[in-house]
Amino acid sequence: MRVAGTHVLLTGATGDIGRRLATRFSDAGATVTLVARGRAELEALAADVGGVAVPADLTDRTDLRGLIREVERAHRPVDVLVNNAGTETAGHLTDLTPDELEQLVILNLLAPAELCRQVLPGMTARGRGHLVNISSLAGIATFPGLATYGATKAGLTHFTSGLRADLRGGPIGTLAVEI
């Protein structure tokens with residue numbers, strides 16, 4: 001995928017993978033909008049890569065539901081959405097609190113699906129775009145203690161596959177990256 005001249009929205013920008021992606025996209029000539037919870041760390045990264053910082057908690061319904069509209073109104077339309085935000089919660093299901101389980105499902109599955117839902121109408125109208133969902137090999141073959149994490153990543157991979165089928169033949173590409 002060529003990103004020179006595109007606007008890339010990257011969630012989970014301040015994590016290890018996010019930082020590397022932000023740098024690579026910027027180095028490749030993309031304009032990057034970076035999303036993460038921690039304002040100071042996010043703004044420092046944005047300054048390093050010449051991007052724009054948009055602090056947001058994707059598990060917060062208000063932050064999540066207005067994110068694409070906010071980014072596109074303040075900057076420019078999103079050409080490439082990279083749903084990288086996620087968390088790996090290890091432990092048996094009974095070790096998780098109800099809130100931990102809910103946050104895991106929201107961040108790893110619901111937030112990427114919602115952001116795709118928000119960005120697709122604009123991409124469709126412009127006749128271009130790409131959706132990239134960062135998943136995990138744990139979604140294919142999970143291990144003890146990773147049942148809930150693996151389930152969210154399997155859901156994300158399956159969601160991306162379904163989008164690919166829905167969008168087949170059109171101008172919008174999809175990619176699930178299983179790390």
Side-chain angles (χ1 to χ4, degrees), residues 8-25 32-46 51 53-71 78 80-120 130-167 173-179:
V8 176
L9 174 63
L10 171 66
T11 69
T14 56
D16 291 338
I17 294 169
R19 287 179 174 283
R20 288 188 294 246
L21 287 172
T23 300
R24 295 275 179 132
F25 285 132
V32 291
T33 297
L34 308 173
V35 176
R37 285 180 284 201
R39 180 178 293 273
E41 190 177 3
L42 183 63
E43 289 176 349
L45 177 61
V54 177
D57 179 351
L58 299 181
T59 65
D60 179 280
R61 184 175 286 200
T62 303
D63 284 2
L64 177 61
R65 290 202 174 157
L67 185 65
I68 297 298
R69 182 178 57 250
E70 174 189 338
V71 167
V78 174
V80 180
L81 171 63
V82 181
N83 284 307
N84 175 60
T87 187
E88 182 178 338
T89 301
H92 292 281
L93 178 63
T94 55
D95 295 336
L96 299 174
T97 68
D99 288 341
E100 289 171 332
L101 178 60
E102 182 179 348
Q103 296 300 303
L104 179 70
V105 173
I106 290 170
L107 188 59
N108 289 3
L109 181 57
L110 180 62
E114 172 59 18
L115 292 176
C116 287
R117 188 193 68 76
Q118 289 178 33
V119 80
L120 269 169
H130 212 93
L131 306 170
V132 180
N133 291 320
I134 306 299
S135 189
S136 171
L137 291 172
I140 295 170
T142 195
F143 301 95
L146 294 177
T148 51
Y149 172 75
T152 63
K153 292 304 186 172
L156 184 59
T157 297
H158 198 72
F159 170 75
T160 308
S161 180
L163 275 179
R164 183 175 304 112
D166 288 348
L167 300 170
T174 61
L175 177 64
V177 180
E178 294 166 330
I179 298 174

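All heavy atoms count here, side chains included; hydrogens, waters and symmetry mates do not.
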Does R117 have any salt bridge (charged side-chain N to carboxylate O under 4.0 Å, His left out) partners at least two apart in sequence or in another chain, and if so, which?
->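 Result, salt bridge (charged side-chain N to carboxylate O under 4.0 Å, His left out) vs R117: E114.
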
Where the side chain of [X] meets the backbone of [Y], is there a donor-acceptor pair that is under 3.5 Å apart?
X    : Y    : value
Q118 : A113 : no
R19  : T14  : yes
T160 : L175 : no

Taking side chain to side chain donor-acceptor pair (under 3.5 Å) as the test, write out the residues that go with [X], two or more places apart.
X   : value
R39 : E43
T59 : D57, Q103
E70 : none

CG-CG distance between L120 and D166, expressed to the nearest 0.5 angstrom =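 Answer for the CG-CG pair, L120 versus D166, is 9.0 Å.
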
Side chains of [X] and [Y] in contact at under 4.5 Å (non-hydrogen atoms):
X    : Y    : value
V82  : T11  : no
L58  : L67  : yes
T148 : L101 : yes
V132 : V177 : yes

Any pair counted as side-chain hydrogen bond (donor to acceptor under 3.5 Å, both in side chains), so long as it reaches residues 81-91, sequence neighbours left out |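 Checked against side-chain hydrogen bond (donor to acceptor under 3.5 Å, both in side chains) - neighbours excluded - the pairs reaching residues 81-91 are N83-N133.
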
Cut-off 3.5 Å, side chains only: do T157 and S135 have a donor facing an acceptor?
->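 S135 and T157 do have a side-chain donor-acceptor pair below 3.5 Å.
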
Check each of I68, V80, V54 against L9 using the side chain to side chain contact (heavy atoms under 4.5 Å, CB included) test, and report the only one that passes.
->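 Running side chain to side chain contact (heavy atoms under 4.5 Å, CB included) over I68, V80, V54 with L9 returns exactly one hit, I68.
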
Using residues 149-156 as the side-chain source, report each donor-acceptor pair under 3.5 Å to any protein atom, sequence neighbours left out, with the distance given to one decimal.
residue, atom, partner, partner atom, Å
T152, OG1, N108, ND2, 3.2
T152, OG1, Y149, O, 2.7
K153, NZ, I134, O, 3.1

